[in-house]
Amino acid sequence: MAAVRDSAELDRMFDDLEHLNLPADYRVEIIEGEIIMNPQRKVHSKIIQLLTMALTDALGRKANILWDVRVDFPGYLNGFAPDVALVKDGAEEDEAGNHDYRDVEFVAEVVSRGSRRADYEAKLNVYAVAGVPTYLIADPKSGLVHVHHDPREGKYTDEVVYTFGSTFTLPCPEVTIDTSDWPRDRRASRT
């Protein structure tokens, strides 16, 4: 019953957020009950666009590819809006138009200054617990792509790291990703 209670609480929280005057260029998620806002940057959006195009080219225009769409994941108040998510063919939406996390086959997050801890820690753990087969983390600051795969007992058992500029094939879905034109974030880090 906790999942239903959490879902209702997430609905209320997101409804409240919609009534606020939030900046249009910010992405909002709820991670472990905390409201997280991150600005959308050009480098970030370009990688999302290129990754989405690669998935569409490989899987077709009818593939159920989402970006920045809320999916409620297990754990305490986890209403994530993955940068890119692939939902199984034929997956049904609930009466509110949301997808069940068990139908998510692939998730990608593009790291930004404000999302680093969430992408590498909280989301890594939650996606593994949820059984998402493949979780890709693209980090434009480091120029690395981390592909986590094969979740078992709440942990990913396989991780492969690629550098921006390389081409590799995802394990699930089996899609070739060419990162040769993925931009890097060259902004100086705050100390």
Side-chain angles (χ1 to χ4, degrees), residues 1-18 22 26-38 40 44-45 47-112 115 118-119 121-138 146-156 170-175 177:
M1 215 48 163
V4 172
R5 207 171 33 248
D6 284 353
S7 182
E9 179 68 7
L10 283 168
D11 288 344
R12 186 192 61 73
M13 291 173 78
F14 277 107
D15 285 346
D16 289 347
L17 287 168
E18 286 183 21
L22 299 175
Y26 274 74
R27 180 177 137 203
V28 179
E29 296 182 290
I30 300 173
I31 301 173
E32 298 175 338
E34 288 185 40
I35 298 169
I36 308 293
M37 292 177 38
N38 284 306
Q40 295 176 328
H44 189 96
S45 65
I47 293 170
I48 292 169
Q49 176 191 28
L50 293 168
L51 184 54
T52 302
M53 289 170 50
L55 291 168
T56 302
D57 289 348
L59 303 173
R61 290 177 52 179
K62 292 188 180 187
N64 202 350
I65 303 167
L66 311 174
W67 55 96
D68 289 338
V69 173
R70 175 183 160 195
V71 178
D72 295 348
F73 285 92
Y76 176 69
L77 297 178
N78 286 318
F80 297 172
D83 289 330
V84 179
L86 176 66
V87 178
K88 293 177 186 173
D89 284 340
E92 303 270 332
E93 296 176 356
D94 66 16
E95 60 278 347
N98 298 320
H99 285 284
D100 188 293
Y101 72 87
R102 290 170 286 235
D103 291 329
V104 176
E105 294 184 307
F106 168 79
V107 171
E109 298 288 359
V110 180
V111 178
S112 64
S115 73
D119 293 342
E121 294 174 22
K123 289 184 178 183
L124 176 66
N125 293 330
V126 170
Y127 292 146
V129 167
V132 175
T134 304
Y135 173 37
L136 180 150
I137 303 172
H146 301 261
V147 178
H148 299 272
H149 180 66
D150 196 20
R152 292 186 204 162
E153 299 177 16
K155 302 276 185 214
Y156 283 105
L170 292 171
C172 176
E174 200 168 301
V175 172
I177 305 295

I'd like to check [X] versus [Y] (side-chain heavy atoms, cut-off strictly below 4.5 Å). Are they in contact?
{"X": "V147", "Y": "T134", "value": "yes"}
{"X": "N78", "Y": "Y101", "value": "no"}
{"X": "H99", "Y": "V69", "value": "no"}
{"X": "Y135", "Y": "E109", "value": "yes"}
{"X": "L86", "Y": "L59", "value": "yes"}
{"X": "P173", "Y": "E105", "value": "no"}

Heavy atoms only: give me the nearest [X]-[Y] pair and the separation to one decimal.
{"X": "V129", "Y": "P74", "result": "CG1-CG, 4.4 Å"}
{"X": "T52", "Y": "I65", "result": "CG2-CG2, 3.9 Å"}
{"X": "K155", "Y": "N125", "result": "NZ-OD1, 4.4 Å"}
{"X": "G79", "Y": "D72", "result": "CA-OD1, 3.7 Å"}
{"X": "S112", "Y": "S115", "result": "N-OG, 2.8 Å"}
{"X": "P133", "Y": "H149", "result": "O-ND1, 3.0 Å"}

- Can you say whether the rings of Y127 and F73 are parallel (under 30°), tilted (30 to 60°) or perpendicular (over 60°)?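 It falls in the perpendicular class, over 60°.
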- Query: Any idea how H148 and Y156 line up, ring-wise: parallel (<30°), tilted (30 to 60°), or perpendicular (>60°)?
  - Reply: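 Aromatic pair H148/Y156 classed tilted.
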Return the [atom1] to [atom2] distance between [X] and [Y], rounded to the nearest 0.5 Å.
{"X": "D57", "Y": "I177", "atom1": "CG", "atom2": "CD1", "value": "9.5 Å"}
{"X": "T56", "Y": "R61", "atom1": "OG1", "atom2": "CZ", "value": "9.0 Å"}
{"X": "I48", "Y": "D83", "atom1": "CD1", "atom2": "CG", "value": "4.0 Å"}
{"X": "D89", "Y": "D103", "atom1": "CG", "atom2": "CG", "value": "11.0 Å"}
{"X": "F106", "Y": "L51", "atom1": "CZ", "atom2": "CG", "value": "5.0 Å"}
{"X": "N64", "Y": "E93", "atom1": "CG", "atom2": "CD", "value": "7.5 Å"}

- Is the backbone N or O of V110 less than 3.5 Å from a side-chain atom of H44, with the two atoms forming a donor-acceptor pair by type? yes
